[in-house]
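Take a look at the structure set out below.
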Amino acid sequence: MKRHLYVSDLDGTLLREDALLSPYAIDQLNLLMEKGIAFTIATARSITSVREVLKGIEIQLPVVCSNGAYISDMATGKHRHVHGLAKPHDQALLQLVQEKGFTPFMGTYDGTQDHLYLGKIVNAGMEWYLHERQAAKDRRLRVDAKLEAALDEYILSMNIIERREPLAELASAIQAQFGEQFQMYLYENWYSGEWFWLSIYDVSATKGHALKILSEELNFGMEELTIFGDNLNDLSMFQSDAYKVAVSNARAEILALSDKIIDTHHSDSVVKYILDKEGFI
C-alpha cells in the first residue's frame, strides 16, 4: 500500500463535544499506528494541553501545536521548530493591546521550557481558563505575572478573552497598525459559554506552513497527505495540495474547500474514515 500521512485537527474535528476522545477512538487510533499507519495532529492547543487530552494515544510522529507556532515531539514535549512573534513587533503589539484596555495571556518559550503568562483576571472567560489550567496542574502557569517579562522569551501566542465586539474592534486596530505582520483568529470558545478568543501569532505560524515543514521532514509529498479540519484556523491546510476532509459541522469556508465531507466530530468520523481507507472496516 502506498505511504500516506493523516493529519487531524483536534477540537471540533477529532475530539468530541466534551473535548475528549471516545474509548473506541483511542483503541482504534492505537491499532492503526501499531499497524504502521502514519498519523499526527495539527491543533491550536499547546503541546501541554495536547498531551493531556491525548493521554493514552501513542503518537510517534511530531505534532503541530499552537496553530503552527511550533512542531513538537509528543513523548517529550520538546520543540523541533519554533515560530514566535517577531521582535520588536511583540513589544509594540503588547503595548497596543494594553493601551486598548485588554489583558492578554501569552504562551512563551525561553529556549528550554514553556511558560504561560496570565496577568490580572478581568472577566469570567479568563477565570474559566485559569481554573481549567489549574485543574490540569499546568506547570507553565505564571499567574499575576508582569507581562513585560514575557518579552525576554519567544512569544508563541498572545490571546485575549472578551466578548466578540470588543475583540473585533481590537483586531481591526491591530491590522491597521501592523498590516499583515500577524496571524489572527477570532472564535468562540465552545467550552466556556459566550466568551470569544482573539488569538495572535507570527505571520509564519500557520498550520499550513508547519504541515509543509513536517511533510518534508518525514519525506511525504503533499499529494500523500490527508488532512481533517473544521474551523478557520484550518484554512491554510485546506488551501494546500493535500486531500482535504471536512467534518460536516465545519465552517462554510472549510466545507467549500474540502474534497470530501464526513459525519460530525460527535461520531468518531475521522477515525472511521481512516479505518475505512486503510481497509480495516
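Residues: numbered from 1 along the sequence shown.
By the 4.5 Å heavy-atom criterion applied to side chains, K212 and S240 are not counted as neighbours. Proximity of F196 to E162: side-chain heavy atoms (C-beta onward) are nowhere separated by under 4.5 Å.
Under the 4.5 Å side-chain heavy-atom criterion for grouping Ile, Leu, Val, Met, Phe, Trp and Tyr, V7 is connected to L257 within one hydrophobic cluster. Both I26 and I274 belong to a single network of hydrophobic side chains, linked directly or stepwise wherever heavy atoms of I, L, V, M, F, W or Y lie under 4.5 Å apart. Side-chain heavy atoms closer than 4.5 Å link hydrophobic residues (I, L, V, M, F, W, Y) into clusters, and following such links, even through other members, never connects I227 to I262. Hydrophobic clustering, with ILVMFWY side chains joined whenever heavy atoms are under 4.5 angstrom apart, keeps V270 apart from M237.
Note that NE2 of H209 and CG of N67 are 14.0 Å apart. Values are rounded to the nearest 0.5 Å. In this structure, CD1 in I71 is found 9.5 Å from OG1 in T40, a value given to the nearest 0.5 Å. Atoms CD and CG, on E253 and D234 in that order, are 11.5 Å from each other to the nearest 0.5 Å. Distance check: S248 OG to L255 CG gives 8.0 Å after rounding to the nearest 0.5 Å. From L167, atom CG reaches atom CG of L198 across 5.5 Å, with rounding to the nearest 0.5 Å. The CG atom of L14 sits 8.0 Å away from the CG atom of D268 when rounded to the nearest 0.5 Å.
Heavy-atom neighbours of D241 CG from other residues, nucleotides or ligands within 6.0 Å: at or below the threshold of 12. Counting non-hydrogen atoms of other residues, nucleotides and ligands closer than 6.0 Å to NZ of K244 gives a total above 12.
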I would like to know whether S199 and N159 meet side chain to side chain donor-acceptor pair (under 3.5 Å); could you show each step before the answer?
-> CA-CA 4 Å; S199 296; N159 300 273; 2.6 Å; yes
Residue pair F178, L96: steps toward the side chain to side chain contact (heavy atoms under 4.5 Å, CB included) verdict | CA-CA 10 Å; F178 296 100; L96 174 62; 3.8 Å; yes
Show the numbers, then the answer: is there a salt bridge (charged side-chain N to carboxylate O under 4.0 Å, His left out) between E165 and R163?
-> CA-CA 6 Å; E165 291 75 14; R163 300 301 186 185; over 6 Å; no
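Remark: the backbone N or O of T108 is not paired with any side-chain donor or acceptor of H115 at under 3.5 angstrom. Remark: the backbone N or O of G68 is not paired with any side-chain donor or acceptor of S66 at under 3.5 angstrom. Judged by distance alone, the side chain of N231 and the main-chain N or O of A250 form no donor-acceptor pair under 3.5 Å. With hydrogens and angles ignored, the 3.5 Å screen pairs no side-chain donor or acceptor of R133 with any backbone N or O of W128. Side chain of K87 to main chain of Y154: no donor-acceptor pair is present (N/O by atom type, distance under 3.5 Å, no hydrogens or angles). Put simply, the side chain of R51 gets close to the backbone of M74: a donor and an acceptor are under 3.5 Å apart. Under the 3.5 Å distance criterion, the side-chain polar atoms of D263 are left unmatched by any main-chain donor or acceptor of V247.
No side-chain donor from either of H265 and E17 sits under 3.5 Å from a side-chain acceptor of the other. Of the N and O atoms on the side chains of Q175 and Q181, not one donor lies less than 3.5 Å from an acceptor on the other residue. A side-chain N or O of H4 and one of T226 form a donor-acceptor pair less than 3.5 Å apart. In this structure, a donor-acceptor pair under 3.5 Å is present between the side chains of D230 and T13. Y117 and E153 share a donor-acceptor pair across their side chains, judged by distance under 3.5 Å alone. T48 and D138 are not linked by any side-chain donor-acceptor pair at a separation below 3.5 angstrom, with hydrogens and angles left out of the test.
The aromatic rings of H79 and Y70 lie tilted to each other, with the angle between the two planes from 30° to 60°. The aromatic rings of W197 and Y187 sit tilted, their planes meeting at an angle between 30° and 60°.
Under the 4.0 Å criterion applied to side-chain N and carboxylate O atoms, D73 and R80 are assigned as salt-bridge partners. Between D9 and K207 there is a salt bridge, with a side-chain nitrogen of the basic residue lying less than 4.0 Å from a carboxylate oxygen of the acidic one.
Aromatic rings from H131 and Y129 are positioned such that their centres are separated by 6.0 Å or more. Proximity of the aromatic rings of Y273 and F228 is defined here by a centroid distance below 6.0 angstrom, and this criterion is met.
Applying the salt bridge (Lys or Arg N to Asp or Glu O under 4.0 Å) test to R142 and every residue at least two apart in sequence or in another chain returns nothing. For E99, the side chain to side chain donor-acceptor pair (under 3.5 Å) partners are Q95, not counting sequence neighbours.
Within the structure, the ring pair (Phe, Tyr, Trp, His ring centres under 6.0 Å) test picks out no pair touching residues 36-66 (sequence neighbours left out).
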